[in-house]
Every structure is written in C-alpha cells, then in structure tokens.
Amino acid sequence: MTGKVDVLLGLQWGDEGKGKVVDVLTPKYDVIARFQGGPNAGHTLEFEGKKYVLRSIPSGIFCGEKVNIIGNGVVLAPDLFMDEAKDLEKSGYDLKDRLHISKKAHLIMPTHRVLDAAIEASKGKNKVGTTGKGIGPTYSDKIARTGLRVGDILENFPEKYAEHKARHEKTLKAMGYTDYDITEVEKHWMEGIEYLRQFHLVDSEHEVNKTLKAGKSVLCEGAQGTMLDVDFGSYPFVTSSNTICAGACTGLGLGPNKIGEVYGIMKAYCTRVGAGPFPTELFDETGKKMRDIGHEYGAVTGRERRCGWIDLVALRYSIMVNGVTQLIMMKSDVLDTFKTIKACVAYKVNGVETPDFPYNIEQGIEPVYQELPGWQTDMTKFTSEEQFPEAFKNYIKFLEEQLETPITIISIGPDREQTIVRK
C-alpha cells in the first residue's frame, strides 16, 4: 500500500522553530525532504549542549541513517551549501551517502546576489528587507525559464554558466549598478560546484514516490512561514516561493492525494523579521521583553525580530490554506513571567470588525484583543502536561477553541528534550 507524506510548516512569519520539531519527529520517518526556499532560512537546533543552524540541509540530518532530500523547489547556493555541509562533517555527521539533491533544484549564482542588492537598492523607501542571498532573482529566473539547475553541472557547465552570467551582467549594467566585484565569491562558488558533484544528484520526484510505494514514511520540511507565501502572504513583503502545504506537492513532485498529516507550527506569541505589516506588533517594553527572553534574533542575519501578541486572525487563515491537522506551539516558556496574556481574536478594518484575514493589512488595521491571565510559572523543567499550571492549560484550551485544531506538541525551551507531546 502506498504511504502518505506528512508536511511540517510554519504558520506565522517564519522563525517558528521548525528545525527543532523536525529533529524531534525524525525518528518516526524514513526520509526527510525539504521542498522550498533557500539559504535565507535558518533552522536552529540545540541538543547535547551544542547549537546548529541549518540553511539548506534538511533538519533530519542528525538522526542515524535517515535519508535527507533537497527537493526541486529549493534554490541552492553551492558555496553556502558547501560551508554548511563541511561544518556538519567536522562535527562528525557523514552527509555524502544520506543527503540527496534534486537535479531540478535551481542554482543561486554570485550574480543573483548582486541583482538582489541592486533591486533592493532601487526600491528606495519601499524595501522588502530581503536577506540579500539572491533568492528572489533566482526564482525570477526560474519563472522566466532562464534558470541554471543542479543537473546542468553534469554537462557543458562552463559554457552554461558564462551565458547566464553575461545575461545578468547586462541587466546590472542597464540598471546602472556596476560597482561590484565577485572575483573571490565566484572562486569559492566554483569550489562549491565541485563539492556538489560528490553527492547523490537525483530525480527526487521519482525517489520520493518510490519511497512511498515501498510503504516507507516521508516528512516534508518547509522553510519560512505561511504569511511569507508569495501568493497568500503579506504581499509584496513576502518570500519568493510557496511556503504553504501545496508547495510540498510542487517542490517534491507529489500528488495532493499523497498528503497525510499537516503539522502547523506557531509560537505562543508572534514575531517578524524585516519589513512589512505586522498587526499585533508591540513597540513598548512588553515587546522588548519578549525579544530578550525569547532571544529573538534572525538565525541567518542576526537582525532583531519584531515581537507581538499571537494573531489568531492570521493563524485561522494559515490553518485554512494549509489544511492543518495538528498544531505545534513553540516558545511557550517565553511568556512564563507575564501577568496578562493577550490574543488578537479579530481585526477592525477601517473601523469594521472582521474575523477574516483581508486582502491588505498594510493600513487601517486595528487588532481586537482578548485578555487572559498569565501562568507566571517557570515551565522549562516540566516533563509532562500534567505539570502545566491551570492558567496555561486554559490558554491552550482557548487557542484550540479559537483555531478549531488540536495542539498536540508544546515546546518549553530550545533543547530537544524540552518538548512535550500531549496525550
């Protein structure tokens, strides 16, 4: 009997803690597959006293002999991938046999990063706040049918690379953006290409489907969050890929009928990195306190994350477009000391209250809050849900009723062990 894939993705503006949960869930699965995004996503994992930040490599890489796949929906920077993989190899993790890379994944070229900087600079005050990793221009080339893919490194690659580089340089010249030097970056990038050749370069759509046909289990790992989806997020302040569950189908070559459980990850509050609207953002001491306790700084860029109360309007929307079957709540411990907890249950859009997420949240949005008593208890050492204080149990119940979806896993700290699976 053909198996199903389970999908794990973020429901907010990214940074929800997906890496940790993939690591916790990996023992249940045979294969972990990343389906979209690029090295602009940092998945942070902590265990056995060590901290790891993964950017392109799936978070299941730390578990035994599990196969990890970088799917066709991912954009890959060979140089950054090489640096990331070599760091893991130094820590004792052998990747060559267990990490498979789709030949259909698109390559991020050095000139893509220059284009990223040039495009962002041209926007003046309307900057999106990209990570500058060349993600957007690479996806633009993909959609324009002018991209360079991993499979291209297997035949006549120097000629293909030169052709693509020349086209980018022509565009940059037309933009008047000529003050750049990629000599050293390009040299390192080419070393990354040679390193890439040492891995299993595969037709990942065949591999994933054959895995399912053999009755084995697959966990699909998403990057960023639903509110950064290029179609359904807070456009134009979004990433350049489909971060929602449907992205697992296009990013790995899966039919919709192959999807099983959809794990939606959220924080007990809300954060956002970079520019863009954020209805529940706090500009006061409460927001600063959340950031300090939660160590809310970007895993890739180190930028301060903007913090705010949980947004149930956006979460209901995310659950709907993803078909979420189970919720996973992260960083519950960050709210341990708060006397009062707030949750946004509706928006006032130009004075009219609505429970629905609107087309545009850039202006005229006022969050409608419901207040709940805080639990004011240190939960970081707890090992079962029976130990949860009554106020926290009430917060969980309130969220489940509002979101009409069960919360099955709760994280109370960054370590692998600080994870409670509810009965």
Side-chain angles (χ1 to χ4, degrees), residues 5-10 14-71 74 76-77 80-102 105 192 195-196 198-200 202 204 207-208 211 216-224 248 251-252 261 263 265 295 298-300 328 330-331 380 383 408-421:
V5 303
D6 293 342
V7 181
L8 182 141
L9 35 77
D15 312 306
E16 298 94 349
K18 295 176 288 295
K20 174 189 170 176
V21 180
V22 172
D23 176 59
V24 167
L25 293 178
T26 291
K28 291 170 53 181
Y29 296 89
D30 299 299
V31 173
I32 311 298
R34 171 88 178 267
F35 63 84
Q36 50 70 227
N40 56 336
H43 290 181
T44 305
L45 301 92
E46 291 185 37
F47 53 88
E48 295 168 3
K50 291 184 180 177
K51 182 177 179 178
Y52 302 89
V53 177
L54 301 179
R55 294 173 174 83
S56 298
I57 295 169
S59 303
I61 203 68
F62 299 104
C63 189
E65 298 304 307
K66 309 286 183 178
V67 171
N68 285 251
I69 297 173
I70 294 176
V74 174
L76 193 68
L80 302 183
F81 167 75
M82 175 177 67
D83 294 345
E84 181 181 340
K86 284 187 173 181
D87 277 349
L88 289 177
E89 286 171 343
K90 282 179 197 167
S91 298
Y93 295 97
D94 181 26
L95 308 185
K96 299 291 194 314
D97 287 331
R98 295 192 295 118
L99 182 59
H100 300 179
I101 302 166
S102 173
Y195 181 75
L196 205 53
Q198 300 172 36
F199 285 81
H200 293 284
V202 300
S204 55
E207 183 171 354
V208 172
T211 298
K216 294 182 178 179
S217 55
V218 178
L219 179 65
C220 303
E221 176 183 13
Q224 288 91 30
L252 288 167
E261 293 292 323
Y263 298 103
I265 305 188
H295 306 291
V300 171
I328 298 171
M330 310 299 289
K331 291 200 161 185
T380 55
T383 55
T408 56
I409 298 175
I410 291 177
S411 176
I412 49 171
D415 195 271
R416 182 189 279 169
E417 302 301 319
Q418 293 172 295
T419 312
I420 293 177
V421 179

| Taking it one step at a time, do K20 and D415 satisfy side-chain contact (heavy atoms from CB on, under 4.5 Å)? | CA-CA 8 Å; K20 174 189 170 176; D415 195 271; 6.0 Å; no
| query | Should L54 and L88 be marked as a side-chain contact (heavy atoms from CB on, under 4.5 Å) after you check the CA-CA gap, both sets of side-chain angles, and the distance that decides it? | reply | CA-CA 9 Å; L54 301 179; L88 289 177; 3.8 Å; yes
| query | Are L25 and I409 close enough, and set up right, to give a side-chain contact (heavy atoms from CB on, under 4.5 Å), and what steps lead you there? | reply | CA-CA 11 Å; L25 293 178; I409 298 175; 4.0 Å; yes
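Residues Q418 and T380 share a closest heavy-atom pair of NE2-O, 3.2 Å. In plain terms, the two heavy atoms of G38 and S56 that are nearest each other are C-OG, 4.4 Å. What you find for C220 and L252 is that their closest heavy atoms are SG-CD1, 3.5 Å. The shortest heavy-atom contact between P58 and I70 is CD-CG1, 3.9 Å. When all heavy atoms of Q224 and K18 are compared, the pair lying nearest together is O-NZ, 2.7 Å. Considering all non-hydrogen atoms of both residues, I61 and Y93 come closest at O-CD2, 4.2 Å.
The CD1 atom of I410 sits 11.0 Å away from the CE atom of M330 when rounded to the nearest 0.5 Å. To the nearest 0.5 Å, the span separating CG on D23 from CD1 on I32 amounts to 9.5 Å. Atoms OG and CZ, on S102 and F35 in that order, are 14.5 Å from each other to the nearest 0.5 Å. Between the CG atom in L76 and the CZ atom in R55 there is a gap of 13.5 Å [rounded to 0.5 Å].
Formation of a donor-acceptor pair under 3.5 Å by the K66 side chain with backbone atoms of P27 is found in this model. In this structure, S411 contributes its side chain and T419 its backbone to no donor-acceptor pair below 3.5 Å. In this structure, E207 contributes its side chain and V202 its backbone to no donor-acceptor pair below 3.5 Å. Put simply, the side chain of Q198 never gets that close to the backbone of L196: no donor and acceptor are under 3.5 Å apart. Of the possible polar contacts, none joining the R98 side chain to the N68 backbone as a donor-acceptor pair under 3.5 Å is found. When atom types are taken as modelled, the side chain of E221 and the backbone of V22 share no donor-acceptor pair closer than 3.5 angstrom. A donor-acceptor pair is defined here as one N or O able to donate and one able to accept, closer than 3.5 Å; such a pair exists between the side chain of R34 and the backbone of Q36.
Put simply, the side chain of L99 does not reach to within 4.5 Å of the side chain of H200, judged on heavy atoms.
The side-chain hydrogen bond (donor to acceptor under 3.5 Å, both in side chains) search around T26 returns none, not counting sequence neighbours. For T383, the side-chain contact (heavy atoms from CB on, under 4.5 Å) partners are Q387, not counting sequence neighbours.
Only one option out of L219, I69, V5 pairs with V31 in a side chain to side chain contact (heavy atoms under 4.5 Å, CB included); it is I69.
Relative ring orientation between F199 and F81 is described as perpendicular, the plane-to-plane angle rising above 60° on a 0-90° scale split at 30° and 60°.
Other residues, nucleotides and ligands place more than 12 heavy atoms under 6.0 Å from the NZ atom of K96.
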